[in-house]
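Before any comments, here is the structure.
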Amino acid sequence: MKAHNIIHVSPLYPPHLGGLEKVVQTLAQEQTKVGLNVSVITSNFGNNKSNLMDTFKVTRLKSFVVANTTIMQKLLFNLLKIDRNDIVHLHVTQAYTPEMVWIASKIKGFQYIAHIHLDVPPSGKAGFLLKIYKPLVLKRVLRTASFVIVFTKNQKKELHKRYGINESKIKVVPNGAESFFFYKKARKLPNKPKLLFVGRLSFQKNLQQLLEALNGISEEFSTNIVGEGELGKELKKTAKTLKLKNVEFNGRADGKKLLDYYKRADIFVLPSEREGMPLVLLEAMAMGLPIVATDVVGNKDVVKNNKNGLLVPYDDHLAFQKALLRVKSDTRLYESMSKNSRKLSDQYSWSKISKTFQHIYEEVSN
C-alpha cells in the first residue's frame with residue numbers, strides 16, 4: 001500500500017458501550033494483526049484502563065454532547081496533523097465528526113472512506129436540524145469520500161436514492177462476529193427456554209415491546225436483559241408494574257462473561273426500532289441461537305424469517321408474544337433455526353471483512 005497509515009475516526013469507542021464502538025476496535029485489532037499501521041481518534045467518553053489490550057495508538061479527545069452529538073474540541077486540530085498519503089476511515093453515526101474530516105481533507109489533501117453505521121432519522125426538539133444537515137452537509141461529505149461503506153445491498157440502493165451518490169462508489173461490507181462466538185455445540189429446546197437480550201437500554205432498542213410481550217407468559221421463560229443505558233430504571237419499573245416473573249436486568253457484560261450469557265441462552269430477542277447491522281444478531285447467529293426480532297432495517301437484513309428466526313412488526317407486542325410461544329412449542333422449528341443461524345453466520349467473519357477493507361484501502365491509494 002502507498003498509504004502510510006490508516007486512521008479510524010469515531011465519535012465513540014470502548015469501553016463506551018455500543019455496536020459502533022466494538023466494530024471500530026475489532027476492525028483496528030484485525031488490521032493490526034496483518035501489519036497495517038492503524039490508529040484511532042475518538043472522544044474521551046467511557047475512558048478507563050480497560051483498553052490496555054489495544055496495541056495501536058488511541059487518541060482520546062476532551063468532548064461534550066450537544067443535541068445527542070459528540071463534540072470533540074480538538075478534532076480538527078488533530079486531523080490537520082494527518083499526512084496527505086494517509087487514509088482516514090470515518091465512522092458515520094452522527095453530525096460534527098463527518099464535516100470535520102471533510103474540512104481537514106480539503107486542507108491537507110488526504111483521502112477518506114465514509115463508513116455508515118446508522119443513518120439516524122430526525123427526532124426530539126433538535127430533530128429539525130438533521131433535515132437541514134443531511135442534504136446540505138452530510139450529502140457533500142459522502143460525495144467527497146473516495147468510497148462510502150454500507151452493510152447491505154438495500155442500504156446501497158437507499159443511499160444512492162437519498163444522496164445521489166454514484167453506485168460505483170458505494171461498497172457493501174457487512175459487520176462481523178469475533179471468532180470466539182462461533183459455537184459448534186448442537187442446541188436442544190428446553191421446557192423453559194432462556195431468552196437473551198444484549199444491548200443498550202435505550203429508546204432505539206424498544207425493550208418496552210419485549211416486556212409487554214412477556215406479560216402473561218413470563219413464567220414460561222427465563223429472561224436475561226444484558227446491558228445498561230438511560231432507560232434502565234424506567235424498564236425495571238415497567239417489569240415490576242406488569243408483575244413479570246423470571247426477568248433479570250444483569251447490567252453490562254463483556255468478554256467471557258458475555259460469552260457465557262450467549263452459551264446459556266436458548267432464544268435471542270431484539271425488539272429494536274431501527275438498526276444498522278447489529279453485532280449482537282451476528283454473535284447470536286454464530287452461537288446457533290434462533291432469533292425473534294422486529295421486522296426493521298438491519299434486523300431483516302440478517303434474520304431470514306422462518307429460517308433462522310421470526311420477524312414481527314415493530315411495536316406489536318402481541319405478535320412478539322405469539323412468535324416467542326411458537327418457537328417454544330415447536331422442537332423441530334427450533335432445531336432447524338439453530339442450525340440455520342450457525343450456517344448463515346459463516347459469512348460474517350472479521351478476518352474476511354478486514355481483508356475486504358484492506359482491498360478498499362489499496363483502491364483508494366492507487
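Residue numbers run from 1 in the order of the sequence given. Keep in mind that what you see is a predicted model, and the values were worked out from it rather than measured.
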Going through the checks in order, is the side-chain hydrogen bond (donor to acceptor under 3.5 Å, both in side chains) test met by N166 and S168?
CA-CA 5 Å; N166 191 314; S168 65; 2.8 Å; yes

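- Residues I41 and V88 form no side-chain contact, since every pair of their non-hydrogen atoms from C-beta on lies 4.5 Å or further apart.
- Note on L318 and L311: separate hydrophobic clusters, where clusters join Ile, Leu, Val, Met, Phe, Trp and Tyr whose side-chain heavy atoms are under 4.5 Å apart, directly or indirectly.
- A chain of hydrophobic side-chain contacts below 4.5 Å, direct or via other Ile, Leu, Val, Met, Phe, Trp or Tyr residues, connects F249 to F197.
- Heavy-atom contacts from other residues, nucleotides or ligands closer than 6.0 Å to NZ of K156 number more than 12.
- The heavy-atom pair separating T69 from A95 by the smallest distance is CG2-O, 3.4 Å.
- Proximity of T42 to R60: side-chain heavy atoms (C-beta onward) are separated by under 4.5 Å at one or more points.
- Using a 4.5 Å heavy-atom cutoff, the side chains of I225 and L211 are in contact.
- Two different hydrophobic clusters hold L258 and F182 under the rule that ILVMFWY side chains link at heavy-atom gaps under 4.5 Å.
- L17 and L279 are assigned to two separate hydrophobic clusters, defined by single-linkage of ILVMFWY side chains at heavy-atom distances under 4.5 Å.
- A 4.5 Å side-chain heavy-atom check between P271 and E212 finds every atom pair outside the cut-off.
- A 4.5 Å side-chain heavy-atom check between S39 and N5 finds every atom pair outside the cut-off.
- Crowding of K243 atom NZ: a count of heavy atoms from other residues, nucleotides or ligands under 6.0 Å not exceeding 12.
- No single ILVMFWY cluster, assembled from side-chain heavy atoms under 4.5 Å apart, contains both V297 and I170.
- The closest side-chain heavy-atom distance from K169 to V148 is not below 4.5 Å.
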Is there a side-chain hydrogen bond (donor to acceptor under 3.5 Å, both in side chains) between Y13 and D54? Walk through the geometry before answering.
CA-CA 12 Å; Y13 187 80; D54 291 335; 2.8 Å; yes

Please assess T26 against W350 for the test side-chain hydrogen bond (donor to acceptor under 3.5 Å, both in side chains), listing each intermediate value before the final yes or no.
CA-CA 8 Å; T26 305; W350 271 122; 4.6 Å; no

Please test F181 against Y262 for ring pair (Phe, Tyr, Trp, His ring centres under 6.0 Å), starting from the C-alpha separation and ending with a verdict.
CA-CA 9 Å; F181 284 110; Y262 277 113; 5.4 Å; yes

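- Tested against Q31 for a side-chain hydrogen bond (donor to acceptor under 3.5 Å, both in side chains), the candidates Q358, H8, H89 yield a single pass: H8.
- Here the side chains of L61 and F77 are not in contact, with every heavy-atom distance at 4.5 Å or above.
- Between K161 and E167 there is no salt bridge, since none of the side-chain N atoms of the basic residue sits less than 4.0 Å from a carboxylate O of the acidic one.
- Heavy-atom neighbours of K157 NZ from other residues, nucleotides or ligands within 6.0 Å: at or below the threshold of 12.
- Under a 4.0 Å N-O distance rule, the pair R140/E99 does not qualify as a salt bridge.
- Proximity of K304 to N340: side-chain heavy atoms (C-beta onward) are nowhere separated by under 4.5 Å.
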Before you tell me yes or no, could you show the steps for N68 and Q94 under side-chain hydrogen bond (donor to acceptor under 3.5 Å, both in side chains), namely the whole-Å CA-CA distance, both residues' side-chain angles and the distance that decides it to 0.1 Å?
CA-CA 8 Å; N68 296 317; Q94 53 184 249; over 6 Å; no

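- Remark: K339 NZ is loosely packed, at most 12 non-hydrogen atoms of other residues, nucleotides or ligands lying under 6.0 Å away.
- Within 6.0 Å of the CD atom in E158, the count of heavy atoms belonging to other residues, nucleotides or ligands exceeds 12.
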